[in-house]
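If you read the sequence from its start, that first residue is 1, and numbering goes on from there.
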Amino acid sequence: MTTLERCDSSHPKFIELVKQLDTFLSVKDGDQHEFYNQFNGIDAIPYVVVVFIENLPVACGAMKPYNDSKLEVKRMFTQPNHRGKGLGKTILNELTKWAKEMDYSKLILETGKHFDEAVGLYNNYGFRVIPNYGQYHGVSTSVCFEKAL
């Protein structure tokens with residue numbers, strides 16, 4: 001059985017999944033990992049979704065306020081043995097629903113251009129590419145997205 005839990009970044013199962021994500025990213029990002037890692041702290045993320053299959057945490061995603069109208073999607077991760085099952089879309093559905101409940105009008109996010117699966121997920125989910133924002137401005141290996149709610 002698949003279940004979703006809304007929580008915040010202090011949830012122990014979210015912290016466990018983020019450690020797995022950071023290990024994955026340290027390899028995938030290579031020498032750029034330290035640059036990206038500085039923007040991925042989880043000490044104050046108020047909106048987190050954890051996906052459980054048979055009571056085991058297997059995927060997560062989060063969002064935090066960017067400004068009064070936008071939330072930034074952060075820390076999207078699915079364990080490798082659970083990829084290809086639509087869990088990324090499930091997380092985005094729940095995050096979108098939650099953002100609408102709070103009257104936000106847009107979701108934004110950044111991912112690496114070399115993360116083909118993530119780029120595909122965001123394109124298929126209705127995000128559109130936007131100019132790189134904030135700390136990602138001018139970073140050639142990043143691609144930023146936005147979705148109107």
Side-chain angles (χ1 to χ4, degrees), residues 2-11 13-26 28-29 32-33 35-53 57-149:
T2 301
T3 57
L4 302 176
E5 184 175 338
R6 287 183 181 183
C7 54
D8 65 26
S9 59
S10 68
H11 193 291
K13 298 303 180 184
F14 176 66
I15 294 169
E16 179 182 313
L17 287 166
V18 167
K19 286 180 184 175
Q20 294 172 41
L21 169 61
D22 287 339
T23 298
F24 170 76
L25 291 175
S26 70
K28 187 82 170 171
D29 286 338
Q32 293 186 328
H33 180 68
F35 169 77
Y36 287 112
N37 196 46
Q38 68 181 319
F39 306 119
N40 288 327
I42 62 166
D43 56 332
I45 300 179
Y47 313 113
V48 172
V49 173
V50 177
V51 178
F52 294 85
I53 296 180
V58 298
C60 63
M63 54 189 183
K64 64 181 186 177
Y66 184 76
N67 61 28
D68 290 342
S69 64
K70 297 177 186 177
L71 288 165
E72 183 179 24
V73 175
K74 303 292 289 178
R75 310 316 320 213
M76 290 286 293
F77 177 69
T78 301
Q79 291 177 331
N81 58 326
H82 291 284
R83 292 182 184 155
K85 299 177 182 177
L87 297 179
K89 184 176 177 182
T90 297
I91 293 165
L92 288 175
N93 283 339
E94 189 66 16
L95 292 175
T96 298
K97 180 180 171 186
W98 202 353
K100 287 178 181 179
E101 289 170 7
M102 296 184 293
D103 293 323
Y104 281 89
S105 61
K106 292 182 180 176
L107 293 177
I108 60 171
L109 62 89
E110 178 278 338
T111 192
K113 288 182 178 179
H114 59 288
F115 287 100
D116 296 333
E117 295 86 357
V119 170
L121 171 66
Y122 302 132
N123 280 321
N124 290 335
Y125 196 75
F127 281 85
R128 65 177 185 84
V129 175
I130 59 171
N132 287 6
Y133 60 85
Q135 64 267 27
Y136 307 110
H137 182 75
V139 179
S140 64
T141 56
S142 289
V143 60
C144 293
F145 290 89
E146 177 180 85
K147 179 179 174 69
L149 304 175

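Of all the heavy atoms in S9 and A44, the pair that sits closest is OG-N, 3.8 Å. Nearest heavy-atom pair across L17 and A59 is CD1-O, 3.4 Å. Contact detail for F52 and P57: the closest heavy-atom pair is CD2-N, 3.6 Å. The two residues A62 and F14 make their nearest non-hydrogen contact at CB-CZ, 4.2 Å. Of all heavy-atom pairs between K64 and P46, the closest is CB-CD, 4.0 Å. The two residues C7 and V50 have their closest heavy-atom pair at SG-CG2, 4.0 Å.
At least one side-chain heavy atom of I45 sits under 4.5 Å from a side-chain heavy atom of R75. Side chains of P65 and Y104 form a contact here, defined as non-hydrogen atoms less than 4.5 Å apart. Counting heavy atoms from C-beta on, the side chains of K13 and E5 never come closer than 4.5 Å. Taking 4.5 Å as the limit, every side-chain heavy atom of Y122 sits out of range of all side-chain heavy atoms of V143.
Here the CG atom belonging to L87 is positioned 10.0 Å from the CD atom belonging to Q79, to the nearest 0.5 angstrom. Between the CD atom of Q135 and the CD atom of E110 there is a distance of 8.0 Å, given to the nearest 0.5 Å. Of the inter-residue distances, the one linking L95 atom CG with M76 atom CE reads 6.5 Å to the nearest 0.5 angstrom. The OH atom of Y47 lies 10.5 Å from the CG atom of D8; values are rounded to the nearest 0.5 Å. One finds the OG1 atom of T96 at 11.5 Å from the CD1 atom of I91 (value rounded to the nearest 0.5 Å). Separation of atoms CG (L149) and CE (M102) is listed at 10.0 Å; rounding is to 0.5 Å.
With V119 as the fixed residue, the side-chain contact (heavy atoms from CB on, under 4.5 Å) test singles out one of L121, D116, N123: N123.
Annotation: N81, atom CG; neighbour count of heavy atoms from other residues, nucleotides and ligands within 6.0 Å is above 12.
Judged by distance alone, with hydrogens and angles left aside, the side-chain atoms of K113 form a donor-acceptor pair with the main-chain N or O of S140 at under 3.5 Å. Side-chain atoms of S69 never come within 3.5 Å of backbone atoms of S105 as a donor-acceptor pair (strictly under, hydrogens ignored). Side chain of K147 to main chain of Y125: a donor-acceptor pair is present (N/O by atom type, distance under 3.5 Å, no hydrogens or angles).
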Applying side-chain contact (heavy atoms from CB on, under 4.5 Å), run through W98 and V49 and close with a yes or a no.
CA-CA 10 Å; W98 202 353; V49 173; 4.1 Å; yes

Given salt bridge (charged side-chain N to carboxylate O under 4.0 Å, His left out), test E16 with K19 step by step and report yes or no.
CA-CA 5 Å; E16 179 182 313; K19 286 180 184 175; over 6 Å; no

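Using a 3.5 Å distance cut-off with no hydrogens or angles, the side chains of E146 and Y133 do not pair a donor with an acceptor.
Ring geometry, F127 versus F145: the interplanar angle exceeds 60°, so the pair is classed perpendicular (tilted spans 30 to 60°).
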